[in-house]
Each structure stands twice: as structure tokens, then as C-alpha cells.
Q: 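The structure's right below; bear with me while I get my questions together.
Count residues from 1 along the sequence. As the structure lists them, so they are numbered: ligands from 1, and atoms in each ligand from 1. Quantities reported herein were computed from a predicted structural model and do not represent experimental measurements. Below, each value reflects all heavy atoms present in this structure, side chains not excepted, and no hydrogens, waters or symmetry copies.
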Amino acid sequence: MTKHSIPQATAKRLPLYYRFLNNLSHQGKTRVSSKELSEAIKVNPATIRRDFSYFGALGKKGYGYNVEYLLEFFKNTLNQDELTKVALIGVGNLGTAFLKYNFTRNNNTKIVKAFDRSKKKVNKKIGSVPVYHIDDIEKHLAGVEVAILTVPQAEAQEITDRLVAEGITGILNFTPARLTLPDHVRIHHIDLSVELQSLVYFMNHYSNEK
Ligand code: ATP
């Protein structure tokens, strides 16, 4: 089965499944039922069974799912063995927090370089990540596929154009800017203030529904 034959909603749950199964495996568990999984990750059991059937994992009644089989599948599908190198642009408050956090729970994605335009911020390391001047970006992007954008909104499009010209194919955009990109570049927007407002709106209007 190719990656593309998994529905997008299922693919989004893959990292969640992977993290939980990895923990189970570290605890020495060899099998898990959809009910246990469901209680732990708060996804309903029917959804889990349907998702797992896409992975070719068929649960047996009274036995559950084989943890190692699933882990192997997730490792391959999520490219766990291959490190995806990430650059972060904009070492402000949010950017600095990401550099310090640096996704230590994911062993396949890592911020390896950061860029800023402020002279005060460059030529030092935050966590273990070197910060370079944005004017030198073209010199430093070899092997980097993904960029995280934590610059002011007004700067986002120009930086994006440079990143795309350097071969970046994935962008995690934390600015509110709606960016124009060629089709081969994948972008995910995370606008934290919109998320927070939408949470409060849903709390006030749909408090009894999920
Ligand atoms: P944050 O929004 O991350 O909390 P902040 O409020 O500290 O950040 P911002 O003004 O949003 O600061 O800028 C974020 C960072 O982006 C700053 O470190 C700034 O120097 C940097 N920056 C601004 N414009 C550019 C640019 N064109 N290229 C690279 N870095 C930039």
C-alpha cells in the first residue's frame, strides 16, 4: 500500500498512534486492543479499527493488535529512520521557544538551523541550533526540506519566496499571513490566536457537543 492510499484524516492520527505504541513497546507490551487504545488516545474504537485496516493490521478477537507489526508500519510510513531537517526563520519569542523545545519527542524531525535579521541574535546557538543571518540563508539550506516561519506577518511572503527558490518543500506557518506558493510546496498554517479564539467560541456555543 502506498502512503497516498491512506485517507488524510487517518494520516493525521498516525503520529498519535505511533507515539502511544512506542510507549507500549518500551513497556514490553506485545499486543493492544482497540478499546485500550481508544481509552488512551481518545479516538473511538470503530475509527481505530478502520484506520488500522488501512495499515493492513487486522485485529483478532480476544487478542487485539500486534504492537511490533504496527510500529514497523508506522516507522516506515512516517519515515522514522530518515531525519527530516528543519530550518526556523525568526528567532523571536515563539521561535526561541521552538529552538529550545526542538521536538525532542520526534526522532525524525529536527531543527538544524535558524535564521534572523537582527545582528544581536545571529552567530550564537540556542539549544544546540546555530543562528545565522537571513542574508546568508542561501549558503545554509542544503539538505533542509522544511521551514518553520515565526517572523512578523509582513515579512512572511518574501521569506517564503526565498525558501521555495532554495528547494524547501514544506512550510509550517505560524504567521497569520496567507501565502502564495507553487503546487509542489505543502503548507500547514497554525495561527495560535485564531485557534484560541475558536476554542473559546466553541466552548460558549457548543459546550454539550463534541
Ligand atoms: P514572536 O512573534 O516570535 O513572539 P517577537 O514579538 O519577539 O516574536 P517579532 O517582531 O514577531 O518579534 O519578530 C520575530 C523575529 O523575526 C524577530 O527575532 C525578528 O528579528 C525576526 N525577523 C523579522 N523580520 C525578519 C526577516 N525579514 N528575516 C528574518 N528574521 C526576521
Side-chain angles (χ1 to χ4, degrees), residues 8-9 11-16 18-19 41-42 78-80 82-206:
Q8 287 208 18
K12 281 199 172 160
R13 287 186 284 271
L14 270 172
L16 192 65
Y18 177 73
R19 184 188 292 173
I41 60 177
K42 308 276 181 272
L78 293 168
N79 279 340
Q80 283 294 311
E82 230 173 87
L83 179 70
T84 302
K85 293 181 182 166
V86 180
L88 179 133
I89 326 294
V91 188
N93 288 311
L94 191 58
T96 302
F98 287 142
L99 294 179
K100 291 186 173 160
Y101 174 63
N102 209 353
F103 309 94
T104 39
R105 291 183 73 171
N106 303 356
N107 46 23
N108 65 336
T109 47
K110 195 169 193 288
I111 304 172
V112 292
K113 283 166 187 176
F115 299 89
D116 203 285
R117 72 167 173 197
S118 158
K119 292 222 165 65
K120 280 186 248 152
K121 298 190 176 178
V122 302
N123 296 326
K124 49 178 97 160
K125 280 188 174 179
I126 296 182
S128 59
V129 184
V131 183
Y132 299 105
H133 197 276
I134 189 77
D135 287 348
D136 295 330
I137 197 163
E138 284 79 11
K139 288 188 212 153
H140 293 287
L141 281 186
V144 178
E145 289 170 67
V146 173
I148 297 176
L149 277 190
T150 45
V151 288
Q153 176 172 5
E155 306 291 324
Q157 184 67 57
E158 192 202 322
I159 291 174
T160 298
D161 295 343
R162 284 171 78 178
L163 291 167
V164 171
E166 290 310 308
I168 292 287
T169 49
I171 294 180
L172 194 57
N173 175 24
F174 282 90
T175 82
R178 297 289 115 172
L179 300 167
T180 308
L181 290 155
D183 287 345
H184 73 277
V185 180
R186 174 105 195 165
I187 183 157
H188 285 197
H189 299 276
I190 303 181
D191 186 327
L192 293 174
S193 51
V194 167
E195 293 296 330
L196 194 57
Q197 279 178 339
S198 120
L199 170 69
V200 173
Y201 178 83
F202 276 90
M203 283 161 62
N204 293 337
H205 292 82
Y206 301 87

Q: What distance do Tyr132 atom OH and Lys139 atom NZ have between them, rounded to the nearest 0.5 Å?
A: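 Here the interatomic distance stands at 10.5 Å.
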Q: Are there more than 12 heavy atoms of other residues, nucleotides or ligands under 6.0 Å from atom CD of Gln8?
A: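 Check fails, neighbour count at 12 or below.
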Q: Can you list, by chain and residue number, every protein residue with a non-hydrogen atom closer than 4.0 Å to ligand 1?
A: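 Answer by chain and number: Gly90, Val91, Gly92, Asn93, Leu94, Gly95, Asp116, Arg117, Ser118, Lys121, Ile134, Thr150, Val151, Pro152, Glu155, Ile159.
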Q: Within the distance-only criterion (no hydrogens, no angle test), does the side chain of Asn173 pair as donor or acceptor with the backbone N or O of Ala177 below 3.5 angstrom?
A: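 Flag set: sc Asn173 to bb Ala177 pair under 3.5 Å.
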Q: Looking only at atom types and distance, does a side-chain atom of Thr175 sit under 3.5 Å from a main-chain N or O of Val151, one as donor and one as acceptor?
A: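 No, Thr175 side chain to Val151 backbone: no donor-acceptor pair under 3.5 Å.
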Q: Considering only heavy atoms from C-beta outward, does the side chain of Val185 approach that of Leu163 to under 4.5 Å?
A: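 In short, these two side chains do not touch, never coming nearer than 4.5 Å.
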Q: Once rounded to the nearest 0.5 Å, what's the spacing between atom CZ of Phe103 and atom CZ of Phe98?
A: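 It comes to 5.5 Å.
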